[in-house]
Amino acid sequence: MPRTHTFPADFLWGAATAAYQIEGGWKDDGKGESIWDRFSHTPGKIADGSNGDVACDHYHLWSEDIRLMQELGLRAYRMSISWPRILPQGRGKVNSAGLDFYSRLVDALLEVNIIPFVTLFHWDLPQALQDEGGFAERATAEAFVEYADVVTRHLGDRVKNWITHNEPSVYAFVGHVWGAHAPGLKQRSLGLKVMHHLLLSHGWAVPVIRQNSPGAQVGAALNINYSQPASPSHYDYHAWRYQDGLWVRWVTDPLYGRHYPADLVAEAVETGDLPLQGLSFVQAGDMDAIAVQTDFLGVNYYTRLVVRDQNIPEGQNLPQTVFQAPRNDSDWQEMPDWEVYPDGLFNVLSRLYLEYQVPQFYITENGASWSDGPDANGRVHDQRRVNYLREHFAAARRAMQIGVPLKGYFVWSLMDNMEWGHGYTQRFGLIWVDFQTRRRILKDSALWYKGVIAEHGF
Ligand code: FCB
């Protein structure tokens with residue numbers, strides 16, 4: 001079949017994971033407790049009552065996993081470091097066994113020419129820091145810089161691509177306002193304060209990382225889904241603008257030097273998303289620190305959100321004009337409420353590029369949850385994931401054709417894993433994992449991806 005989409009030969013095809021979701025080894029070799037250990041051990045928090053104590057047991061099976069990455073031909077691998085493995089109490093005493101684990105991992109990746117992209121914070125905060133208030137406290141931003149310093153001093157000679165934070169808005173809102181993620185708080189006015197301290201810690205850490213890791217490329221990974229109003233009504237536009245403002249612009253504006261969206265502050269106080277004192281947690285110099293120049297922006301894209309104003313009776317609103325297929329359609333991911341919408345990836349990339357003149361992009365996550373398992377012959381026919389990836393790669397290629405400087409693509413996820421509050425009920429992997437035996441099987445999507453990588457396209 002002729003190739004319809006080709007990618008540049010130096011395009012970084014990769015896959016992504018996060019420490020808590022795959023490692024297990026939750027108490028091994030001096031690791032401290034994380035907020036996800038605490039949260040998942042609290043009855044009723046995880047959909048299937050599970051936890052990440054063992055997960056994919058990557059902590060012990062990592063060399064097998066690198067072999068599988070090599071078999072796929074991955075050129076890059078996005079992983080995260082567990083903060084409490086390095087600093088069990090969050091700051092202070094360093095656990096050298098934790099550093100050694102990641103050091104071995106990085107060496108083994110480099111040996112087979114897989115470029116590590118390392119995320120410093122993918123949500124597993126040391127519980128000891130949460131006990132002091134976590135990211136609601138400015139002191140935790142200081143602790144993050146200490147942690148970033150320790151890690152990059154040890155790995156910065158070999159790791160040259162660093163991601164400070166993963167999805168600050170999910171961490172802030174889902175963990176502190178909705179209570180569905182660790183630390184499980186439900187305090188509306190906490191979200192934007194936590195966000196500020198995350199962004200501040202990013203800004204403070206970037207120069208430290210650069211100093212410890214000469215020549216490194218540094219960025220953050222943001223969750224940017226595509227959203228649109230459900231109808232042309234004033235109500236839906238307003239609701240959409242606020243939601244997009246809170247979830248997207250509240251992160252991208254300050255990172256690119258525009259302060260927090262001034263047009264939303266009064267409304268955020270009214271809704272309770274900001275405390276009555278507004279932005280009083282912002283101190284002199286913070287916004288300059290946050291706007292530190294970075295080398296790339298990581299985009300995690302999954303779906304489209306269609307926003308309807310829920311506060312007014314349907315009869316008073318205009319009829320909906322933006323439609324989505326019914327949710328039981330096989331085109332929906334099994335992840336509740338996640339529509340498959342490849343054009344959204346094009347829209348998101350072009351918007352960010354045009355609005356903020358982002359110098360380089362990586363898709364740091366994109367993928368889908370379908371639970372196809374092995375057939376009688378031990379093959380996993382996840383054709384829907386193949387289709388999903390094919391269409392999203394094509395959308396990314398279209399964005400590149402209008403000038404978006406996209407340099408690489410990390411499929412979420414390398415392997416099935418512990419999907420946070422959903423436990424093991426959602427399988428996002430290219431590789432199927434048997435959570436009883438920890439056996440791995442390359443799904444059809446993995447074999448297809450291998451072909452794409454080998455051919456620079458499809
Ligand atoms: C993102 C997370 C990632 C994974 C995917 C499905 O929000 O960053 O760890 O859970 O969703």
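Remember, it's 1-based here, ligands and their atoms both numbered in the order they're listed. All figures in this text were calculated on a predicted structure; none of them were measured in a lab. Numbering of residues begins at 1 and proceeds along the displayed sequence.
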Taking only heavy atoms of the protein into account, state which residues are under 4.0 angstrom from an atom of ligand 1, in chain and number order.
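Close residues (ligand 1, cut-off 4.0 Å): Gln21, His122, Trp123, Asn166, Glu167, Tyr302, Glu365, Trp412, Glu419, Trp420, Phe428.
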
Is there a donor-acceptor contact under 3.5 Å from the side chain of Ser213 to the main chain of Ile209?
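Answer holds: no.
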
Please work out whether the ring planes of Tyr341 and Tyr226 are parallel, tilted or perpendicular, with thresholds of 30° and 60°.
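Answer is parallel, since the angle falls under 30°.
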
Should the ring pair Trp36 and Tyr20 be called parallel, tilted or perpendicular, given that the plane angle runs from 0 to 90° and is split at 30 and 60?
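Rings of Trp36 and Tyr20: tilted, 30 to 60°.
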
Does a donor on one side chain and an acceptor on the other come within less than 3.5 Å for Trp240 and Ser227?
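The criterion, which ignores hydrogens and geometry beyond distance, is satisfied for Ser227 and Trp240.
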
In this structure, is the centre-to-centre distance between the rings of Trp247 and Phe173 below 6.0 Å?
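Yes: the rings meet the under 6.0 Å criterion.
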
Please list all pairs passing the salt bridge (charged side-chain N to carboxylate O under 4.0 Å, His left out) test where one or both residues lie in residues 43-68, with sequence neighbours left out.
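Salt bridge (charged side-chain N to carboxylate O under 4.0 Å, His left out) check on residues 43-68 returns Asp65-Arg440.
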
